Amino acid sequence: MGCSSIAGNVIWVLLCGWVFFVAYFLCGLLLCLTIIGIPFGYQIWKIGFFALWPFGLKTRRKKEASPCLEVAMNVIWLLLGGICIAVLHAAFGILFAITIIGLPCAKQSFKLAVLALWPFGAEIIS
């Protein structure tokens with residue numbers, strides 16, 4: 001991770017990253033209170049940690065042994081709120097993109113929106 005990634009992450013955390021992280025952490029904690037919600041809570045935490053420090057990180061699809069389960073969990077995820085989370089990150093991306101200086105943050109918001117749509121089967125890499 002280079003100096004520009006660290007600087008971008010510090011600015012991101014000060015602007016909105018900490019708010020996203022706290023919200024995702026609390027929602028993930030609530031989801032993990034039930035046995036059924038644990039996989040969804042884990043995905044929320046994955047998005048939350050990515051939302052806290054996104055510069056210099058990418059997402060990619062894992063090669064899963066059970067793609068049917070991955071698709072089923074992602075469909076449930078979409079129906080239970082994944083679309084709302086993705087729209088929220090896309091809206092923040094548009095707000096950041098209005099100013100030229102906010103374009104790097106807009107790019108990170110759009111990466112988060114894509115991850116929020118289909119988190120099962122995605123892994124975060126540096």
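Along the sequence shown, residues are numbered consecutively beginning with 1. Nothing here was measured: the structure is a model prediction, and the numbers come from that model.
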*Asks:* In terms of relative ring orientation, are Phe96 and Trp12 parallel, tilted or perpendicular, with 30° and 60° separating the classes?
*Replies:*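 Tilted, since the angle between the ring planes falls between 30° and 60°.
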*Asks:* Flag the pair Leu115 / Lys111 as yes when at least one side-chain heavy-atom distance between them is below 4.5 Å, and no otherwise.
*Replies:*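 They are not in contact (no side-chain heavy atoms under 4.5 Å apart), so the answer is no.
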*Asks:* Counting distance only, does the side-chain N/O of Trp77 pair as donor-acceptor with the main-chain N or O of Ala116 below 3.5 Å?
*Replies:*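 Side chain of Trp77 to backbone of Ala116: a pair is present.
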*Asks:* Check whether any side-chain heavy atom of Cys32 sits under 4.5 Å from a side-chain heavy atom of Trp45, and report yes or no.
*Replies:*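 They are in side-chain contact.
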*Asks:* Let me check something: do Ile38 and Leu26 share a hydrophobic cluster, defined by ILVMFWY side-chain heavy atoms less than 4.5 Å apart, either directly or through other members?
*Replies:*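 Each belongs to a different hydrophobic cluster.
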*Asks:* With no hydrogens and no angle check, is any side-chain donor or acceptor of Lys107 less than 3.5 Å from a backbone partner on Ala97?
*Replies:*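 A pair under 3.5 Å: no.
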*Asks:* Give a yes or no answer on whether the side chain of Lys46 reaches the backbone of Ala122 with a donor-acceptor pair at less than 3.5 Å.
*Replies:*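 Confirmed, Lys46 side chain pairs with Ala122 backbone.
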*Asks:* Quick one: CD1 on Ile44 to CG on Leu30, what's the gap to the nearest 0.5 Å?
*Replies:*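 Between atom CD1 of Ile44 and atom CG of Leu30 there are 10.5 Å.
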*Asks:* Is there a side-chain contact between Val13 and Leu52 (heavy atoms, below 4.5 Å)?
*Replies:*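 Side-chain contact under 4.5 Å: yes.
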*Asks:* Under a 4.5 Å side-chain heavy-atom rule over Ile, Leu, Val, Met, Phe, Trp and Tyr, are Phe110 and Val87 clustered together?
*Replies:*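 Different clusters: Phe110 never reaches Val87 through Ile, Leu, Val, Met, Phe, Trp or Tyr contacts under 4.5 Å.
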*Asks:* Is the shortest side-chain heavy-atom distance between Val10 and Trp53 below 4.5 Å?
*Replies:*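 The answer is yes, as the side chains (C-beta and beyond) meet within the 4.5 Å cut-off.
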*Asks:* Any link between Ile47 and Leu117 through a network of hydrophobic side chains (Ile, Leu, Val, Met, Phe, Trp, Tyr) touching at under 4.5 Å?
*Replies:*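 As far as the 4.5 Å side-chain criterion goes, Leu117 and Ile47 are not connected within one cluster.
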*Asks:* Under 4.0 Å between a Lys/Arg side-chain N and an Asp/Glu carboxylate O for Arg61 and Glu70?
*Replies:*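 Glu70 and Arg61: salt-bridged.
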*Asks:* Could you grab the distance from atom CD1 of Ile94 to atom CZ of Phe92, nearest 0.5 Å is fine?
*Replies:*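 Going from the CD1 atom of Ile94 to the CZ atom of Phe92 covers 12.0 Å.
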*Asks:* Can you check whether Phe25 and Phe49 have ring centres sitting under 6.0 Å from each other?
*Replies:*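 That pair fails the under 6.0 Å test.
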*Asks:* Got Ile76 and Leu80 here, is their nearest side-chain heavy-atom distance under 4.5 Å?
*Replies:*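 Yes. Closest side-chain heavy atoms under 4.5 Å.
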*Asks:* Roughly how far, to the nearest 0.5 Å, is CG of Leu112 from CG of Leu88?
*Replies:*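 Rounded to the nearest 0.5 Å, the CG-CG separation comes to 10.0 Å.
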*Asks:* Any chance CD1 of Ile125 has more than 12 other-residue heavy atoms, nucleotides or ligands included, within less than 6.0 Å?
*Replies:*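 Check passes, neighbour count above 12.
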*Asks:* Just so I know, are the side chains of Tyr24 and Val19 near enough to count as touching, which here means a heavy-atom distance under 4.5 Å?
*Replies:*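 No, their side chains stay 4.5 Å or more apart.
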*Asks:* Please report the interatomic distance CG(Leu14) to CG(Asn9), rounded to the nearest 0.5 Å.
*Replies:*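 Here the rounded value is 11.0 Å.
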*Asks:* Quick one: do Phe120 and Val71 satisfy side chain to side chain contact (heavy atoms under 4.5 Å, CB included)? Show the steps, please.
*Replies:* CA-CA 8 Å; Phe120 287 90; Val71 169; over 6 Å; no
*Asks:* Atom OH of residue position Tyr42 - does it have more than 12 heavy atoms of other residues, nucleotides or ligands inside 6.0 Å?
*Replies:*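 Atom OH in Tyr42 is not packed in, count stays at 12 or less.
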*Asks:* Can you name the nearest heavy-atom pair linking Ala113 to Ala90, along with the distance?
*Replies:*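 Shortest heavy-atom contact: CB-N, 4.0 Å.
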*Asks:* Taking Phe20 as the starting point, is it possible to reach Leu57 by hopping between hydrophobic residues whose side chains are less than 4.5 Å apart?
*Replies:*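 As far as the 4.5 Å side-chain criterion goes, Phe20 and Leu57 are connected within one cluster.
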*Asks:* Start with the C-alpha gap between Cys27 and Phe40, add the side-chain angles, then the distance that decides, and say whether side chain to side chain contact (heavy atoms under 4.5 Å, CB included) holds.
*Replies:* CA-CA 10 Å; Cys27 289; Phe40 298 100; over 6 Å; no
*Asks:* Assess whether atom CG of Leu33 is packed by more than 12 heavy atoms of other residues, nucleotides or ligands within 6.0 Å.
*Replies:*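 Yes.
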*Asks:* Hey, could you give me the CG/CD distance between Leu31 and Gln43, rounded to the nearest 0.5 Å?
*Replies:*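 Between atom CG of Leu31 and atom CD of Gln43 there are 11.0 Å.
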*Asks:* To the nearest 0.5 angstrom, please state how far the SG atom of Cys68 sits from the CE atom of Met73.
*Replies:*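 The distance works out to 13.5 Å.
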